[in-house]
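These notes concern the structure reproduced below.
Keep in mind that what you see is a predicted model, and the values were worked out from it rather than measured. Both ligands and their constituent atoms are indexed starting at 1 by order of listing.
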Amino acid sequence: MSNYKHILLAVDFSEHSKEVVLKAKELADYYQAELSLIHVVDSVPLVDIGYETAMPFDYDLNEIFMNSAKAKLQELARDLELSFKESWLELGSPKTEIVRIATENAVDLIVVGSHGRHGLGLLLGSTANAVLHHAPCDVLAVRLKDD
Ligand code: AMP
């Protein structure tokens with residue numbers, strides 16, 4: 001049986017993310033594994049070829065979202081009694097960043113929700129699906145149901 005040593009919890013702060021957090025915490029306790037967190041802020045393009053400049057250049061939405069995400073991640077780390085050093089806050093594509101951080105940090109289990117902010121319509125959300133396909137390690141998709 002696998003004995004996981006480093007579990008990476010990918011959290012999107014969606015309505016159902018608490019269930020994913022609880023499952024990751026349970027697994028980390030069971031395996032006595034290190035638990036790390038990751039949240040990725042989807043980068044907002046300031047310029048779109050179709051619309052030319054979409055935002056005034058002094059208005060940095062990425063920075064606003066990063067600051068707000070940092071506060072949420074710090075709060076979650078505190079709730080889980082983790083040091084904030086064990087958290088990654090990245091800017092870019094969630095699927096790419098989750099796989100990159102897992103690869104670079106000897107993660108042996110990634111925990112994601114089956115769905116996140118993109119609705120419960122599909123069997124598996126697009127981030128969960130991409131992580132499952134590209135991860136260097138096991139992936140647990142916590143089945144989230146609409147209730
Ligand atoms: P999705 O496939 O986008 O519906 O999301 C499925 C799961 O992927 C979520 O429950 C999270 O565990 C993870 N996830 C999605 N977006 C992010 C994000 N921006 N940062 C970290 N994890 C994410």
Task: Proximity winner for atom 1 (P) of ligand 1, if only heavy atoms of Thr127, Leu124, Leu8, Val139 are counted - done: Thr127
Open item on the list: Below 4.0 Å from ligand 1: does a non-hydrogen atom of Ile98 turn up there or not?
Closed with: yes
- [ ] Report yes or no: does Ser17 have a heavy atom closer than 4.0 Å to ligand 1?
- [x] no
Of all the atoms in ligand 1, which lie at a distance below 4.0 Å from a heavy atom belonging to [X]?
X     : result
Pro94 : 17 (C), 18 (C), 19 (N)
Ile38 : 21 (C)
Val11 : 20 (N), 21 (C), 22 (N)

Would you say [X] and ligand 1 have an N/O pair spaced under 3.5 Å apart?
X      : result
Ser126 : yes
Val111 : no
Val20  : no
Leu144 : no

TODO: Look at atom CD of Glu104 and say whether more than 12 heavy atoms of other residues, nucleotides or ligands are closer to it than 6.0 Å.
DONE: yes
- [ ] Go through the structure and list residues passing salt bridge (Lys or Arg N to Asp or Glu O under 4.0 Å) with Asp29, not counting sequence neighbours.
- [x] Lys25
Open item on the list: Once you measure the plane-to-plane angle for Phe13 and His39, does it fall in the parallel (<30°), tilted (30-60°) or perpendicular (>60°) bin?
Closed with: tilted
- [ ] Could you point out which residue of Val99, Thr103, Ile98, Thr96 forms a side-chain contact (heavy atoms from CB on, under 4.5 Å) with His134?
- [x] Val99
Task: Passing option when Val112 is tested against Asn129, Leu140, Thr127, Val139 for side-chain contact (heavy atoms from CB on, under 4.5 Å) - done: Val139
- [ ] Answer yes or no: is there a donor N or O on one side and an acceptor on the other, between the side chain of Asp12 and the main chain of Ser14, under 3.5 Å?
- [x] yes
Task: Results of side-chain contact (heavy atoms from CB on, under 4.5 Å) for Glu97 - residues two or more places apart only - done: Val40, Glu90, Arg100
